[in-house]
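To find a chain, count down the sequence lines: A is the first, B the second, and so on, and within it residues start at 1. All values reported here derive from a predicted model rather than from experimental measurement.
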Number of protein chains: 2
Amino acid sequence: MTLPKTIDDIETPAVLIDVDRVEANLARAQAYADEHRLALRPHIKTHKLPAFAKRQVELGAVGITCQKLGESEVMADGGLSDIYMPYNILGKAKLARLAALADRITIKVTADSLPVVEGLSGAFAGRAAPIAVLVECDTGAGRCGVQSPEAALALAQAIDRAPGLVFGGLMTYPPVGGMAAVDAYLGEALRLHEAAGLEVKVVSAGNTPDLYRSHLVTHATEIRPGTYIYNDRSLINRGAATHADCALTVLTTVVSRPTADRAVLDAGSKALTSDLLGCVGYGEILEAPGAVIAGLSEEHGHVDLSAATARPSVGDRVRVLPNHACPVSNLFDIVHLVSGERVVDVLPVAARGKVT
Amino acid sequence: MTLPKTIDDIETPAVLIDVDRVEANLARAQAYADEHRLALRPHIKTHKLPAFAKRQVELGAVGITCQKLGESEVMADGGLSDIYMPYNILGKAKLARLAALADRITIKVTADSLPVVEGLSGAFAGRAAPIAVLVECDTGAGRCGVQSPEAALALAQAIDRAPGLVFGGLMTYPPVGGMAAVDAYLGEALRLHEAAGLEVKVVSAGNTPDLYRSHLVTHATEIRPGTYIYNDRSLINRGAATHADCALTVLTTVVSRPTADRAVLDAGSKALTSDLLGCVGYGEILEAPGAVIAGLSEEHGHVDLSAATARPSVGDRVRVLPNHACPVSNLFDIVHLVSGERVVDVLPVAARGKVT
């Protein structure tokens with residue numbers, strides 16, 4: 001493939017990544033983490049690119065966070081050597097893959113129930129080195145996790161007793177805006193663990209919406225934001241980013257203008273996803289303020305121009321800021337790194353589509 | 001990769017395709033099309049698999065429908081020789097790819113505006129063979145397409161005059177349930193074309209929700225359903241399919257049971273998509289009637305079991321019928337073809353992620 005020279009040379013739809021904004025976003029988060037003595041362990045789900053993961057570590061991240069084994073395998077292949085997986089890993093095949101990874105890199109995992117602990121112990125008992133397992137705590141997000149500090153201690157003790165495992169600490173995916181409750185839960189859990197004589201080496205928390213309030217979870221030692229590298233429209237909507245912080249856009253072409261008030265883009269749900277995350281419309285057309293991407297079919301974005309201050313014509317190319325950056329990365333085989341109008345590189349999204 | 005022998009050997013999440021149901025769905029649609037003397041030109045967006053496209057043609061389809069050039073290229077590589085693209089193709093790079101395809105296979109395209117016609121003419125004028133261009137008509141779906149039968153004729157005449165092009169007929173994506181209005185629009189357009197002495201070789205319509213009412217659009221000569229090969233939960237919801245017609249499911253594992261009423265699956269929006277299409281919840285867990293997949297994060301499906309008649313445990317594997325089959329195919333690199341519990345093949349989704 002010939003590298004396009006400028007944005008004008010790129011076929012649409014395409015993902016553009018503004019490398020200058022990436023660099024600024026990474027530097028700002030690392031400086032914040034350093035200032036508050038928080039270890040930064042970025043979640044790679046947003047970019048899925050070994051090159052950016054390496055840059056994050058180069059800037060000071062202690063390692064990275066991956067959700068799926070397939071992502072961890074790609075990142076290990078790409079030279080990343082310290083990975084944490086905040087995921088319950090179950091089943092013979094996955095446990096064998098985890099053990100193979102543990103032979104190559106430093107890897108830690110998670111559990112929120114005894115069956116997960118038992119599976120991990122079965123896979124790691126008798127091996128040269130044990131694997132560190134953190135206990136996931138549901139501090140209010142209502143996803144995975146043990147339901148109380150007491151339950152956290154009980155599971156930590158089970159890990160501590162289990163052959164092949166060492167207790168690695170506590171982990172939570174904190175609910176947005178819920179820092180006080182998170183801190184209270186974690187504080188009580190730490191008190192219980194101390195009383196039981198069990199050292200909590202890591203307390204891992206953090207997300208992008210509350211990234212710059214992470215220090216309010218005073219008990220956290222580590223944060224795992226992901227989206228901060230690119231940011232997106234939903235984060236602007238939440239007040240957690242500005243347009244100038246947004247590094248990922250989707251370059252599209254207007255393919256139809258059936259009526260005065262309707263435009264159709266060549267980017268539909270297969271490029272932008274159906275994620276709304278509280279936003280109105282499926283993305284923002286940067287060149288047409290007031291336009292609403294009111295509907296998506298798989299290959300078309302249906303735009304209501306009735307309140308738009310600009311009305312692009314058939315063949316015009318516009319950039320869409322998506323509601324949610326992370327799943328957009330998962331839909332494209334390649335991304336175009338740009339600086340201004342110049343294309344500086346085209347990268348395969350190496351960890352894209354790693355579902356298992 | 002070793003082929004898994006049975007469903008039990010497959011790592012989750014994974015797409016399972018019931019080949020017996022596929023065969024029944026294909027046969028039924030072809031018999032209906034034959035009975036009503038409608039040419040069947042299946043849309044491959046649902047399966048994105050050359051093997052299934054070839055099977056559709058083997059059973060009697062006149063060719064296939066692809067939305068993107070990348071899909072057409074993959075299908076041409078896979079041996080498909082007659083492709084229609086109901087899409088406005090714009091821009092130098094795409095027009096060059098289209099011309100290259102036209103050298104290899106029979107390919108027809110679409111236009112709904114003069115700029116699209118001019119672009120196509122610029123690319124095909126002076127070539128050995130012209131390309132057939134159908135006029136897209138907006139018969140009520142409110143997507144692309146000219147807005148009136150008169151506008152359809154005007155664009156058909158522009159195509160007829162344009163060097164390198166021949167007028168190929170009329171095309172519409174009919175609004176669901178809108179057969180009468182579609183038929184009235186097309187009837188008037190046919191009358192105008194006849195009066196103007198312009199032959200309309202093909203009138204292409206059809207979709208899956210109204211597949212078995214396609215004959216009510218009496219002026220159509222061809223139908224382009226896609227989803228009928230797999231069907232999905234949204235089609236059951238619309239009364240257009242039964243559970244026994246649904247060939248695609250997502251095999252998942254319960255990875256967490258944080259509370260009595262909550263289960264978490266290892267399939268989130270990266271496996272099921274955020275598409276709701278009017279459904280409640282993000283898919284149906286076949287083994288747990290009454291369970292609601294109330295929310296998705298990227299790698300987790302959050303299930304409300306409060307009304308469920310079965311409560312799967314951590315490690316249990318369940319099958320999810322997704323709301324919308326087509327974008328699920330686009331998220332997985334491979335699909336598992338199954339017959340009962342037996343895995344009969346694992347296929348790469350060759351036309352997955354072809355965004356341009």
Side-chain angles (χ1 to χ4, degrees), chain A residues 9 11-14 45 67-68 87-91 93-94 97 112-116 119 136 138 142-147 173 253-259 262 264 266-267 269-271 273-276 295 297-300 302 313-315 317 326-327 330-333 352-356, chain B residues 9 11-14 45 67-68 87-91 93-94 97 112-116 119 136 138 142-147 173 253-259 262 264 266-267 269-271 273-276 295 297-300 302 313-315 317 326-327 330-333 352-356:
Chain A
D9 302 324
E11 270 194 75
T12 66
K45 67 173 185 142
Q67 201 89 319
K68 292 289 173 117
Y87 210 86
N88 291 319
I89 296 177
L90 285 157
K94 287 198 168 64
R97 291 166 66 194
D112 75 350
S113 72
L114 275 178
V116 174
E136 177 160 5
D138 180 357
R143 299 182 176 190
C144 298
V146 297
Q147 297 295 301
Y173 182 80
T253 299
V254 176
V255 291
S256 182
R257 280 296 314 278
T259 71
R262 193 195 310 160
V264 184
D266 66 356
S269 64
K270 228 179 80 179
T273 83
S274 302
D275 280 12
L276 283 169
S297 40
E298 280 156 72
E299 302 289 8
H300 288 123
H302 306 281
S313 303
V314 170
R317 290 149 71 94
C326 317
N330 192 52
L331 288 172
F332 284 79
D333 288 341
R352 189 213 62 72
K354 300 301 173 197
V355 290
T356 65
Chain B
D9 302 324
E11 270 195 75
T12 67
K45 66 173 184 142
Q67 202 89 318
K68 292 289 173 117
Y87 210 86
N88 291 318
I89 296 176
L90 285 158
K94 286 198 169 64
R97 290 166 68 193
D112 75 349
S113 72
L114 274 178
V116 175
E136 176 159 6
D138 180 358
R143 298 182 176 190
C144 298
V146 296
Q147 296 295 301
Y173 182 80
T253 300
V254 176
V255 291
S256 183
R257 281 295 315 278
T259 71
R262 194 194 309 160
V264 184
D266 66 356
S269 65
K270 228 180 81 180
T273 84
S274 303
D275 281 11
L276 283 169
S297 41
E298 281 157 71
E299 302 289 8
H300 287 124
H302 305 281
S313 304
V314 170
R317 291 148 70 94
C326 316
N330 192 52
L331 289 171
F332 284 80
D333 288 341
R352 190 213 62 72
K354 301 301 172 196
V355 290
T356 66

Practice problem: Please round to the nearest 0.5 Å and tell me the distance separating atom CG of B:N88 and atom OG of A:S256. | Solution: 5.5 Å
Quiz item: Quick one: of B:G353, B:G142, B:S113, B:S313, who has the most non-hydrogen atom pairs under 4.5 Å with chain A?
Solution: B:G142
Quiz item: With a 4.5 Å heavy-atom cut-off, do B:L331 and A:V355 have their side chains touching?
Solution: no
Quiz item: Looking at B:K68, B:K354, B:H302, which makes the most heavy-atom pairs under 4.5 Å with chain A?
Solution: B:K68
Quiz item: Closest heavy-atom contact between B:V264 and A:C144?
Solution: CG1-SG, 3.7 Å
Exercise. Count the heavy-atom pairs under 4.5 Å between each of B:G315, B:A14, B:G145 and chain A, then report the option with the highest count.
Key: B:G145
Quiz prompt | Per-residue contact mode, B:E11 against chain A (heavy atom under 4.5 angstrom) | solution = both
Quiz item: Do B:V146 and A:P258 come close enough that some side-chain heavy atom pair is under 4.5 Å?
Solution: no
Quiz item: Do B:R352 and A:D333 touch side chain to side chain, with heavy atoms closer than 4.5 Å?
Solution: yes
Practice problem: Taking the side chain as every heavy atom from C-beta outward, state whether B:K94 and A:T12 have any atom pair closer than 4.5 Å. | Solution: yes
Practice problem: Specify the closest pair of heavy atoms between B:Y87 and A:E299, including all atoms of both residues, with the distance to one decimal. | Solution: OH-O, 2.8 Å
Self-check item: Option that, when pairs with chain A are counted at under 4.5 Å, heavy atom only, ranks first among B:D266, B:T259, B:L276
Solution: B:D266
Practice problem: Would you give the length of the straight line joining atom NZ of A:K270 to atom SG of B:C326, rounded to the nearest 0.5 angstrom? | Solution: 10.5 Å
Quiz item: Relative to chain B, which of A:A271, A:P13, A:S269 shows the most heavy atom pairs under 4.5 Å?
Solution: A:P13
Exercise. Mind listing the closest non-hydrogen atom pair of B:D112 and A:V255 along with its distance?
Key: OD1-O, 4.2 Å
Exercise. Grab the two heavy atoms, one from A:V254 and one from B:L90, that are nearest each other, plus how far apart they are.
Key: O-CD1, 3.5 Å
Self-check item: Contact origin within A:P115 toward chain B - heavy atom pairs under 4.5 Å
Solution: side chain
Quiz item: chain A: which of B:Q67, B:E136, B:R262, B:K45 shares the most heavy-atom pairs with it under 4.5 Å?
Solution: B:R262
